[in-house]
Structure formats: structure tokens, C-alpha cells
Peer 1: 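Starting off with a structure, shown below.
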Amino acid sequence: MKELKGYSILYNPRKNKGTAFSKSERKKYGLDGILPDSIESMETQIMRVQGQIENLNKPINKYIYLTGLLDTNETLFFKTIISDPAKYLPLVYTPTVGEACERLGHIARRPRGLFISIKHKNKIEQILKNWPVEDIRFIVVTDGQRILGLGDLGINGIGIPIGKLALYTSCAGVPPEHTIPIVLDVGTDNAMYLNDPLYPGLKQKRVTGKEYDDFIKAFVKAITKVYPKICIQWEDFAGVNAIRILDKYRDKVCTFNDDIQGTAAIAVAGFIAVSRLLNKPFKEQRFLFLGAGAAAFGIADMLVKKFQRDGLNKKEAYERCWMFDVNGLLVNSRTDIAEHQKPFAHESEASNDFAASILKIKPTAIIGVSTVGGAFTQQVIENMSAINDRPVIFPYSNPTSHSECTAEQAYTWSNGNAIFASGSPFAPVEYNGKTFTPGQGNNVFIFPALGLAIYATEAKRVTDEMLLTASEAVAEQISEEDFSKGLIYPPIKNIRDVSINVAVKIVEEMQ
Ligand code: NAD
């Protein structure tokens, strides 16, 4: 490739260093006079960026500014994010990225990533070859059907792969030149977008069934052919498609689904941390899920694997995981239980009363994945407190309005004894003169580290063992000081160190 010089290097986001080009680089690249004389450090540049962000009032405007920075000076963008992850991650990823996706057709500046539409089903290889880099190792791909809790956002969902990949680099140092954000355009059922002249995707209803599956198949075939070292991360597909696609490809190519496996891994990390906090072997925990859907199975499957790793046999492991769905407790006598639910149905009396089931089954932890806001009632928390000194309460349903209880309710109803972590964030709670910091199961502790381990080893598959090791490694990195504040996940400011350590553990597990 011809060496870039003068303005062309400043307009290349990967090469651009702005005012940080050294004296000799300025001479070499013909930048004397094109830049002001002063040679600035990265810290000075970050100071300027921070000042400009502070001057913007709305998170969405900060997002637009930061995206602009990503498009002009990648290194400065990533350095800024990691200079204060607690401040900047929420601006480049959740929650701000949700609004950014919703409005992408209106706020877009410059296209980023690849847009592969169903109309190009027979030209996917050609499209991939349009990308300027050959050695691609990592893609995050969505079809935009279930973006966060916002539903079908069509190709505006590209904001999610862009944001996730930004975290791979800023949190774990995965080189951005080896990654591509991709959106598959199979249409949208979002009526507002179909009538919006600024919606940039196909103006047609979603393709489904065989035509959809054939398109995914053609995509996987093309991408693994053009990029033989690729890892595919599926992101924000609708539940049924997510599970089917993962099941179909997980043993054939290097792939994982963060919504399913990353979520499970971070939830299990929380429970491993609980056993550290309580100084109690993990295998003595017993779980009762409210909800027996996709999220429950992802988490429960990984709990079973953790129990087995810790010495229980499969039967004993399943016996420590109970589920309660819209029709009550999963018991053997029920006739409406699907095949995949059967291992979690046990011998017991049928019950439609969740609070009463707690007294019977005596779980150490309850996990809410029911989508029913408020389902962890005062009676539920009080029953958990009656049988546990430190009841573990994990309402994981999103968004906040669907959370089975609030942090304040959990702490208040348990007289300050609950160990709490949720899917949606909750602010610290004051109770009886003490401040409680609620945990949030944030996948960001898992997927960037997993990505780094895969990148470093050129792994051929993503196994459950790798994910379970990631859970254990996250839980190991909570300090006694963190525990004393009520945390069961590491502070987000430590994300870079945590990610590197988790990646190292995953690689060791793979040996
Ligand atoms: P799902 O629709 O597959 O499952 C919902 C389950 O809740 C079903 O088993 C249903 O029977 C049960 N349920 C519904 N109403 C109930 C009631 N009144 N009492 C008891 N059970 C009831 O949904 P899902 O994908 O498993 O997600 C569940 C929640 O978990 C969502 O709010 C989601 O935000 C959250 N979550 C999902 C994921 C994920 O990857 N799927 C990850 C983290 C959190």
C-alpha cells in the first residue's frame, strides 16, 4: 500500500495521531505546517476531548461526538474511553447506544461496518472482499430484530456491533483493524421505519423461515471462507433465532452468542462471588428461577456445568436448580413441560405460589428471568430471609420496569441482609445509615476478555469450559474492599486489568 502523506494521513482514522505526531514523523509524512508546531502528548489530547464532551449536555450528543472521534482518530478514541471507563462506557454502549440506534437514520454521519442485505445473498463473498483489510478475526453481527429492550430496529441496530467492538478494543485491547461490525438486512417489521424516508435499510417486512435460514447459512459459509480465522459473535437476534443459530453453528465454527452465553457467564460469576463472600462452597448453593425461558436455561445450564466442575454428578447438579414459570413450579407431574425443561423438573408437589415454593425448596438464591416487574414481592423476599442469613436476590429481567424487584425493596425487606445483583442498573441505596451498592451483571466483564483470548490463540471453537473459566476468573478479581462495599462484581474502573486477567485464565484453560 502506498505510504500515506500529508492530509491523507490525517484523514485516516487508524493512522492519524493529530497533534501527537512527533517531529521526525511530521518530517517523514510531510506534516510540517499542516499541524500547529506544538507536539502534544496523549494526555493533553484526552484533556481536550474531555473538555468538549463536558460541554455537551445530552448523552446522545456526547455519543455523536465520540463516534466522530472514532472516525477521525481511533487511538485517541480508545484511550479516552479507557481513561475513565465508568464515565465513557455508558456513552458508547448501553444505555446511550439504545437511543443512538433508534435514531441512527437521523444522526448518522459516516457509515461504519458492513451492511449485507438479503438482496445480496449470492454476492456475500464479493461484499466481504470490498472490506479493505484481509485478516479479519472477529465480527459482531446482528439482524437488528431485538436490539436491547427496544425491539426491531432493523439496520439501525448496527450501532450495537459498533459499540460492542469498541469495548473489545478499549476494555481488552483486541486490535480494531482485525474486526468488522456487520448488520444483516432482512427487512424490518418496525412500521415507523418503513414509513421514515431517513431509514437507511430495506423498506420491506422481515424475511423469515427457510429464506432467512438460507441467508444465515450463506453468510456463515462466505465469512468463514473469506476469513478462515474468524470468530462470529451473534448479537441481539430474536430469542428463537438466537438459540437455533447458536445450536446449528457452535460445533461447526468459532462462534458464540453474548446475549445467551455472556449473560449466563456473568450471572454465574456473581454466584461464584457470593460463595467467596459467604465463605461457603459453591456446591452448597441451591437456585430457584422465576421464569423458565431462554435466559433461565442459559444461566441454569452454566450453573450445572459449574456444579459438575466442583465435583457434583449431573443428577446432583440438576437437583440444585429449580424453575417456576407462568404455570407454576416445574415438577415431574406436570404434563406441559418441554423436553429441554425436563432435567429441571423435579419430584415435588405442584405449586402456583412462588413465595410458598421458596419455603419448600429452600433456595439460597432466586433469579428473576420472568419479565414480570414486581414479581419478587415483600413476601418472597421475607421468605428468602427466613431461610437464609444472607438471601441472594438476582432480579435479571430488563428493562428496569420489568425487574422483579428494586434494589431498595430487596435491601429493605431483607433488613439489609440481601446480596443483590440485577440485569438493569440501580443506584446505591441508603438503609439504616448504611450505603448498599447494588451489583449489575454486566457482560462487559466477559466478552472482551473472551475476544482477546480467541484472538491470541486463533481458537477454533468457543466452548462452555472457556465461558465457565471466564466466570471463575471474574469472581476471583473482587477484592475484600469491594466485598465490604457490597460489590459482587469488580468495579468497572478496573475493567482493563480484569479483562486481561480473565483472558489469560481462558487461554490457560484451553491448553
Ligand atoms: P422468555 O420469554 O423466553 O421467558 C420468560 C419466562 O418467564 C417463561 O418461562 C414464562 O413462563 C415465565 N413467566 C412469564 N410470566 C410469569 C409469571 N407471571 N410468573 C412466573 N413465570 C412467568 O424470556 P427470556 O429471554 O428468558 O428473558 C426473560 C427476562 O430475562 C427478560 O426480561 C430479559 O430482559 C431478561 N434477560 C434475558 C437475557 C437473554 O439473553 N435472553 C439475558 C439477561 C436477562
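Both counts, for ligands and for their atoms, begin at 1 and track the order of listing.
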Peer 1: What residues, two or more places apart in sequence or in another chain, satisfy side-chain contact (heavy atoms from CB on, under 4.5 Å) together with K205?
Peer 2: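 For K205 the side-chain contact (heavy atoms from CB on, under 4.5 Å) partners, ignoring immediate neighbours, are D189.
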Peer 1: Think K306 forms a cation-pi with F271, using NZ or CZ under 6.0 Å from the six-ring centre and within 45 degrees of its axis?
Peer 2: no
Peer 1: If the condition is side-chain contact (heavy atoms from CB on, under 4.5 Å), which residues does Y455 pass it with, not counting sequence neighbours?
Peer 2: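 Here the qualifying residues are R137, P175, H178.
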Peer 1: Under 3.5 Å, is there a donor-acceptor pair between the side chain of R276 and the main chain of A475?
Peer 2: yes
Peer 1: Distances only, to 0.1 Å: what are the N or O pairs between ligand 1 and the protein that fall under 3.5 Å?
Peer 2:
unit_1   : atom_1 : unit_2 : atom_2 : d
ligand 1 : 3 (O)  : A294   : N      : 3.1
ligand 1 : 9 (O)  : A292   : N      : 2.8
ligand 1 : 9 (O)  : G293   : N      : 3.2
ligand 1 : 11 (O) : V326   : N      : 3.1
ligand 1 : 21 (N) : V326   : N      : 3.2
ligand 1 : 26 (O) : A294   : N      : 3.1
ligand 1 : 26 (O) : A295   : N      : 2.7
ligand 1 : 32 (O) : S397   : OG     : 3.4
ligand 1 : 32 (O) : N398   : N      : 3.2
ligand 1 : 32 (O) : N398   : O      : 3.3
ligand 1 : 34 (O) : N398   : N      : 3.0
ligand 1 : 34 (O) : N398   : O      : 3.4
ligand 1 : 40 (O) : D259   : O      : 2.5

Peer 1: Are F436 and F420 close enough that their ring centres sit under 6.0 Å apart?
Peer 2: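 Not close enough - the centres of the two rings lie 6.0 Å or further apart.
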Peer 1: Only counting residues at least two apart or in another chain, list the ones meeting side-chain contact (heavy atoms from CB on, under 4.5 Å) with K248.
Peer 2: K217, K252
